[in-house]
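These numbers were taken from a predicted model, which means no experiment stands behind them. Atoms within each ligand, like the ligands themselves, are counted from 1 in listed order.
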Amino acid sequence: MCGIVGYIGFREAYPIVIKGLKRLEYRGYDSAGIMLYADNEIKIAKTKGKVSDLEEKSKAIASSKATIGMGHTRWATHGVPNDVNAHPHCSGDGSIALIHNGIIENFAELKAELLEDGVTFASETDTEVAAHLVAKEYEASGDLVEAFRQVVRKLHGAFTILVMHEDVPDLVLAARRNAPLVIGLGDGENFLGSDVAAFVEHTKRAIAVGQDEI
Ligand code: GLU
């Protein structure tokens, strides 16, 4: 089931995330994407194909000296493998970036509600509903952790999800249900991964995130 990598700390995130994605390639995938937070904004590159294709495509943002990043390899379940359906997915205003492995089983009804609210969708994925829902809940509460908690409660199925919001740039949130997620603890930095292979060269201290934990 493909892979997820996250980094937040003081080092350049790009090489750490790309290397983490390469170490998760054994899990199989059809597309890859990366988010870097630098210069007060979320920067995204994504593509159908291999992590090596992503490296080509992300040259423009690779030099951004971001110290926060997340990476994704996708195994398409909803929507064909193409550049648009690759993760990360964003809220309408681009202030939220979200990556997901797994399947949101009730995405159709959640999408119908969002469409009724006037939300427009860029992709065919089940995942994109989660990005728009976080935006909606955050608009209501102004609290990203609470917004994420509300959204995760609404989702049925299997997921590892990472999310970041430009308004809260010192935070990468992650949650899991019926899908794997491990935190790697460093000094002044932390890592996220679908498994420890994503960050094993940086730290040996890891915490397995429990079922339904954020
Ligand atoms: N269901 C999501 C999609 O089709 C995520 C698939 C995955 O696990 O990579 O985009």
Cys2: numbered ligand 1 atoms lying under 4.0 Å from its heavy atoms: 7 (C), 8 (O), 9 (O)
Just say parallel, tilted or perpendicular for the rings of Tyr138 and His165, cut-offs at 30° and 60°. tilted
When you compare the side chains of Gln211 and Asn178, does any donor N or O come within less than 3.5 Å of an acceptor on the partner? yes
Pairing donors with acceptors under 3.5 angstrom, does anything connect the side chains of Ser141 and Asp143? no
Just let me know how Thr125 lines up against ligand 1, side chain, backbone, both or neither, with a heavy-atom cut-off below 4.0 Å. side chain
Checking contacts here: is it the side chain or the backbone of Asn101 that comes within 4.0 Å of ligand 1, counting heavy atoms only? Could be both or neither. both
Pairs of nitrogen or oxygen atoms closer than 3.5 Å, one from Gly102 and one from ligand 1: do any exist? yes
Hey, is NZ on Lys154 packed in by over 12 heavy atoms from elsewhere, all under 6.0 Å? yes
